[in-house]
*Asks:* 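Can you read through this structure? Questions will come right after.
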Amino acid sequence: MLTENKPNDFIREAVAEDLKNGRFDYVRTRLPPEPNGYLHIGHVKAFMIDYLVAKENNGELILRFDDTNPTKEEVEFVEAIKDDARWLGIVWVKETYASDYFDLLYDWAKRLVLMGKAYVDDQTPEEVSKNRGTLTEPGKNSPFRERSVEENLELLERMKNGEFPDGSRILRAKIDMAHSNINMRDPAMYRILHTPHHRTGDAWKIYPLYDWSHGQNDSMEGITHSLCSLEYEDHRPLYEWFLEQLDVFKPRQIEFARLNMNYTVMSKRKLRRLVEENHVNGWDDPRMPTLRAMRRRGYAAEAILDFIRRVGIAKNYSVTDVALLEACVREDLNKTSSRRMAVIRPLKVVIDNYPDDLVEEMDAINNPEDADAGARKVPFSKVIYIEQDDFRETPPPKYHRLYPGNEVRLRYAYFVKCTHTVKDDAGNIVEVHVEYDPSTRGGDASDGRKVKSTIHWVSAAHAIEAEIRMYDRLFSKENPEEGEEGFLNCLNAGSLEILTGRVEPSLTTPEIGARYQFERLGYFCVDKDTTAEKPVFNLTVNLKDAWTKAEKGRNR
RNA sequence: AGGGGCGUGGUGCAACGGCAGCACACCAGCCUUUGGAGCUGUGGAUCUUGGUUCGAGUCCAGGCGCCCCUGCCA
């Protein structure tokens, strides 16, 4: 399904070209997550490019964790990342780790030293930084740059054996301190870190940096296409330099623009702060852009994948409108979710001319988009709840719902006409009284008269109480990333609203994760906090609401 | 400023020298037992200047704008 009508973008074109002209005769890509955080929607784009490019070319995908920095990485993220990737439907032939190649990589480093292409530098981090030069001025050679091969070899071995403290020395490639590309000014290959690693334990006291590890790992694994985001474009000359010096298999690196989305933040550091400073309730808080949050919120993998497909691939810096994601989620749920009636802000309605003790079972369609979804019975009685929004004492123009003197349809039940209201001492409406027309059972009038509105309801005696968690955008600004602290200053105070609603009795013990459309409101899914006493529903995404929009527009 | 990259409706992506199109958003209408869904329709874009060409979003030259790069992060 995913490969039908496959899009044509510059990456797929490049891969096809490489196959055609013989640069490669197979395709193998790699998924290179760093296990230092949870996956977010931005990762999905990169993952799907890697996965689909391999799949569409009958190639392979290797899941390779980029675990070169033990000070930041943890095992718990490895399992979480795999779980999310599987949920997306991604299939990989092999799971590897950068750390699997530490021995071989070290041998390759020694080869470079032997060739006089790498050296141990004793400068302090400050000196290294100072001597790197600036964007416009060349750097200065390290005083240790011309050490003998023998000395470099010995020093490197001693670094590896843990004889020197953290930060005291690094191994650097010997390229050109005056290079216009700063990445080529003798980049660091190994740093000393006396930190245990989640896989290699305390076997290593030096760890490779990204630039030294990644491309070599790609080569070792026979990766043909190393697809990454735009900020690595500047690193490509270095990527190629190492492979050239080593004279090993040469994968091709191709860069694309990462996914950005408005009304959210995507950087791991900022997401971490939201969690750690309790602006949200954990990594799976449904307001987060993480995959765990979206799963909890009720987004289907198909919807997310559809979104990624529609966003496309290019090299332009871009910010995708979150409305597109929501449209994909709605489109998916419209076709697949069962309809139910739920009232999230209840208003009591008494049908004065309805028999006191009568209970009728009304026939309700489960999904008008899917004939196979069947039907169900919904109990109806004299006292019901409707949505507060569905009643107005003094209706604004074009308001078609319930108001004194107006007749509306109760979905799948009867036409009712409002006669009067009952107010409390403070003047708030606490009850709405209506009269029903017994000849309209099921919702059709035998005399052919029309009503302009159909509203949903639940029977007060039969409905059950439920916690409804209403979510809105986490940030009130389109671009919360503006400014360092800016994102914390534009948190949307109304991003979470917890309501106590009433749902029809078929929802008494719902299955966790089940997705429903609450008619006229939106799509909701059953949260894991659900108990036997009380179901908890998350708003996945609201239904498009032409009335609210029109009314807001008028008031503006 | 040095290097690398990018400029197409509001947003994202196409058009590979030949009528600038698709999706989302927006607006209008039709339909409707969800003011949902569906259907129909409208408006709106090639950063700029010059050149090549029968013909340029596409090729060439200059300008302008935006993004990334001075971690022992990835």
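Note that the structure is a prediction, hence the values are computed from the model and not measured. Sequence lines set the chain letters: A, B, ... in the order given, protein chains first and strands last, and positions in each chain run from 1.
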*Asks:* Within less than 4.0 Å of OP1 or OP2 of B:U11, is there a side-chain N or O belonging to A:Arg310?
*Replies:*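 No.
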*Asks:* By the 4.0 Å heavy-atom rule, please label A:Arg401 as base, sugar-phosphate, or nothing.
*Replies:* base
*Asks:* How many whole angstroms separate atom CG of A:Asp66 from atom C1' of B:A74?
*Replies:* 7 Å
*Asks:* Just to be sure I understand the rule, does A:Tyr414 reach a base, reach only the sugar-phosphate, or reach nothing, if contact means heavy atoms closer than 4.0 Å?
*Replies:*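 Here A:Tyr414 touches no strand at all.
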*Asks:* Work out how far the P atom of B:C27 is from that of B:A15, and round it to whole angstrom.
*Replies:* 31 Å
*Asks:* Could you give the distance separating B:U70 and B:C6 at their C1' atoms, to the nearest angstrom?
*Replies:* 22 Å
*Asks:* Can you tell me which nucleotide in B:C24, B:G36, B:U70 comes closest to the side chain of A:Leu543?
*Replies:*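 That would be B:G36.
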*Asks:* Could you check if the base of B:G10 is syn or anti? Syn means the glycosidic torsion is within 90 degrees of 0.
*Replies:* anti
*Asks:* Can you tell me if the side-chain N/O atoms of A:Arg520 get under 4.0 Å from OP1 or OP2 in B:G35?
*Replies:*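 Looking at the OP1 and OP2 atoms of B:G35, one of them is under 4.0 Å from a side-chain N or O of A:Arg520.
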*Asks:* Tell me: CE of A:Met177 to C1' of B:G2, nearest whole Å?
*Replies:*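 Between C1' of B:G2 and CE of A:Met177: 15 Å.
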*Asks:* What nucleic acid atoms does A:Gln517 come within less than 4.0 Å of, heavy atoms only: base, sugar-phosphate, or nothing?
*Replies:*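 Base contact.
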*Asks:* With a non-hydrogen cut-off below 4.0 angstrom, is A:Tyr207 in contact with a base, only sugar-phosphate, or nothing?
*Replies:* nothing
*Asks:* The side chain of A:Ala314 is closest to which nucleotide in this list: B:C13, B:C73, B:G36?
*Replies:* B:C13
*Asks:* Measure from the side chain of A:Glu231, starting at C-beta and using heavy atoms only, and say which of B:C68, B:G36, B:G2 lies closest.
*Replies:*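 Nearest nucleotide to the side chain: B:C68.
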*Asks:* Considering only the C1' atoms, how many Å lie between B:G44 and B:U8, rounded to the nearest integer?
*Replies:*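 Roughly 13 Å separates the two C1' atoms.
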*Asks:* Any non-hydrogen side-chain atom of A:Ile254 less than 4.5 Å from a side-chain atom of A:Arg252?
*Replies:*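 Side chain of A:Ile254 against side chain of A:Arg252, heavy atoms only: contact under 4.5 Å found.
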*Asks:* Looking only at atom C1', what distance separates B:G21 and B:C59, rounded to whole Å?
*Replies:*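 Taking atom C1' in both B:G21 and B:C59, they lie 22 Å apart.
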*Asks:* Can you identify which nucleotide, out of B:A14, B:A74, B:U34, has its nearest atom closest to the A:Arg411 side chain?
*Replies:* B:U34
*Asks:* State whether A:Lys398 places a side-chain N or O below 4.0 Å from either non-bridging phosphate oxygen (OP1 or OP2) of B:G35.
*Replies:*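 No, outside the criterion.
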*Asks:* Quickly work out the A:Glu126 CD to B:U70 C1' distance and round it to whole Å.
*Replies:*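 Rounding to the nearest Å, CD of A:Glu126 and C1' of B:U70 are 15 Å apart.
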*Asks:* Do A:Arg185 side-chain and B:U70 base share a donor-acceptor contact under 3.5 Å?
*Replies:*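 There is none.
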*Asks:* Examine A:Arg392 relative to A:Tyr403 and say whether NZ or CZ is less than 6.0 Å from the centre of the six-membered ring and inside a 45° cone about the ring axis.
*Replies:*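 No; the conditions do not both hold, so A:Arg392 does not lie above the ring face of A:Tyr403.
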*Asks:* Please confirm whether any donor atom in the side chain of A:Asp321 sits under 3.5 Å from an acceptor in the base of B:G12, or the reverse.
*Replies:*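 Per atom types, no contact qualifies.
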*Asks:* Between the side-chain atoms of A:Glu369 and the base atoms of B:G36, is any donor-acceptor pair under 3.5 Å?
*Replies:* yes
*Asks:* Using a cut-off of strictly less than 4.0 Å, decide whether A:Arg409 has a side-chain nitrogen or oxygen near OP1 or OP2 of B:U32.
*Replies:* no
*Asks:* Could A:Arg340 and A:Phe518 be counted as a cation-pi pair, given that NZ or CZ must be under 6.0 Å from the ring centre and within 45° of the axis?
*Replies:*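 No.
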*Asks:* Side chains of A:His456 and A:Glu387: any donor to acceptor distance under 3.5 Å?
*Replies:*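 Side-chain D/A pair, A:Glu387 to A:His456: present.
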*Asks:* Using every non-hydrogen atom in the two residues, find where A:Glu369 and A:Arg339 come nearest and quote the distance to one decimal.
*Replies:*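 Closest approach of A:Glu369 to A:Arg339, heavy atoms only: CG-NH1, 4.3 Å.
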*Asks:* Mapping A:Ser453 and A:Thr124 onto RNA chain B by nearest heavy atom, which one lands closer to the 5' end?
*Replies:* A:Ser453
*Asks:* Counting only side-chain heavy atoms from C-beta out, which of B:G3, B:G35, B:U70 sits nearest to A:Asp234?
*Replies:*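 Closest of the options to the side chain of A:Asp234: B:G3.
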*Asks:* Which one, B:G5, B:A25, B:C73, comes nearest to the side chain of A:Lys315?
*Replies:*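 Given the options B:G5, B:A25, B:C73, the side chain of A:Lys315 is closest to B:G5.
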*Asks:* Between A:Lys549 and B:C27, is there a contact of a side-chain N or O with OP1 or OP2 at under 4.0 Å?
*Replies:*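 Yes.
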*Asks:* Whole angstrom is fine here: how far is it from CZ in A:Arg258 over to C1' in B:G12?
*Replies:*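 Rounding to the nearest Å, CZ of A:Arg258 and C1' of B:G12 are 17 Å apart.
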*Asks:* Using the ring centroid of each side chain, check whether A:Trp457 and A:Tyr385 are separated by less than 6.0 Å.
*Replies:* no
*Asks:* In whole Å, I'd like the distance from the CE atom of A:Met184 to the C1' atom of B:G4.
*Replies:*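 From A:Met184 CE to B:G4 C1': 13 Å.
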*Asks:* Taking the P atom of each, how far is B:C64 from B:A25, in whole Å?
*Replies:* 39 Å
*Asks:* Does A:Asn36 have a side-chain nitrogen or oxygen under 4.0 Å from the phosphate oxygens OP1 or OP2 of B:A74?
*Replies:*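 No, outside the criterion.
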*Asks:* Under 4.0 Å between a side-chain N/O of A:Arg191 and OP1 or OP2 of B:A74, yes or no?
*Replies:*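 Answer yes for this pair, as a side-chain N or O of A:Arg191 is under 4.0 Å from OP1 or OP2.
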*Asks:* If I pick the P atom on B:G29 and the same atom on B:U42, what distance separates them, to the nearest angstrom?
*Replies:* 15 Å
*Asks:* Would you confirm whether the ring centroid of A:Tyr210 sits within less than 6.0 angstrom of the ring centroid of A:Tyr232?
*Replies:* yes
*Asks:* Could you tell me whether the phosphate oxygens of B:A74, OP1 or OP2, come under 4.0 Å of any side-chain nitrogen or oxygen in A:Thr68?
*Replies:* yes
*Asks:* Taking the six-membered ring of A:Tyr263 as reference, does the NZ or CZ atom of A:Arg473 fall below 6.0 Å from its centre and within a 45° cone about the axis?
*Replies:*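 Verdict for A:Tyr263: a cation-pi partner in A:Arg473.
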*Asks:* Give a yes/no answer on whether the side chain of A:Asn316 brings an N or O atom under 4.0 Å of OP1 or OP2 in B:G7.
*Replies:* yes
*Asks:* Would you call A:His400 stacked on B:G35, i.e. ring centres under 5.5 Å apart with the planes less than 30° off parallel?
*Replies:*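 Stacked: ring centres under 5.5 Å, planes under 30°.
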*Asks:* Between A:Ala257 and A:Glu519, name the one whose nearest nucleotide on RNA chain B is closer to the 5' end.
*Replies:*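 In this pair, the answer is A:Ala257.
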*Asks:* Mind checking the P distance from B:G50 to B:G55? Whole angstroms is fine.
*Replies:* 16 Å
*Asks:* So does A:Ser129 get a side-chain nitrogen or oxygen closer than 4.0 Å to the phosphate oxygens (OP1/OP2) of B:C72?
*Replies:*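 Answer is no, no contact under 4.0 Å.
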*Asks:* With a 4.0 Å cut-off on heavy atoms, is A:His456 in touch with a base, just the backbone sugar-phosphate, or nothing at all?
*Replies:* nothing
*Asks:* If pairing requires Watson-Crick or G-U wobble contacts with both distances under 3.5 Å, which nucleotide is the partner of B:C66?
*Replies:*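 In the structure as shown, B:C66 has B:G5 as its Watson-Crick or wobble partner.
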*Asks:* On a whole-Å scale, what distance lies between the C1' atoms belonging to B:C39 and B:U49?
*Replies:*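 Those two atoms are separated by 46 Å.
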*Asks:* Within the 4.0 Å heavy-atom criterion, would you say A:Leu324 contacts the bases, only the backbone, or no part of the nucleic acid?
*Replies:*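 Sugar-phosphate contact only - A:Leu324 comes under 4.0 Å of backbone atoms but never of a base.
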*Asks:* With a centroid cutoff of 5.5 Å and a plane-angle limit of 30°, would you call A:Trp547 stacked on B:G35?
*Replies:* yes
*Asks:* Think A:Lys160 forms a cation-pi with A:Tyr106, using NZ or CZ under 6.0 Å from the six-ring centre and within 45 degrees of its axis?
*Replies:*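 A:Lys160 over A:Tyr106 ring: yes.
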*Asks:* Across the strands shown, which category fits A:Asn262 at heavy-atom distances under 4.0 angstrom: base, sugar-phosphate, nothing?
*Replies:*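 No contact.
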*Asks:* When the distance from NZ of A:Lys552 to P of B:C26 is rounded to whole Å, what number comes out?
*Replies:*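 Distance, rounded to whole Å: 12 Å.
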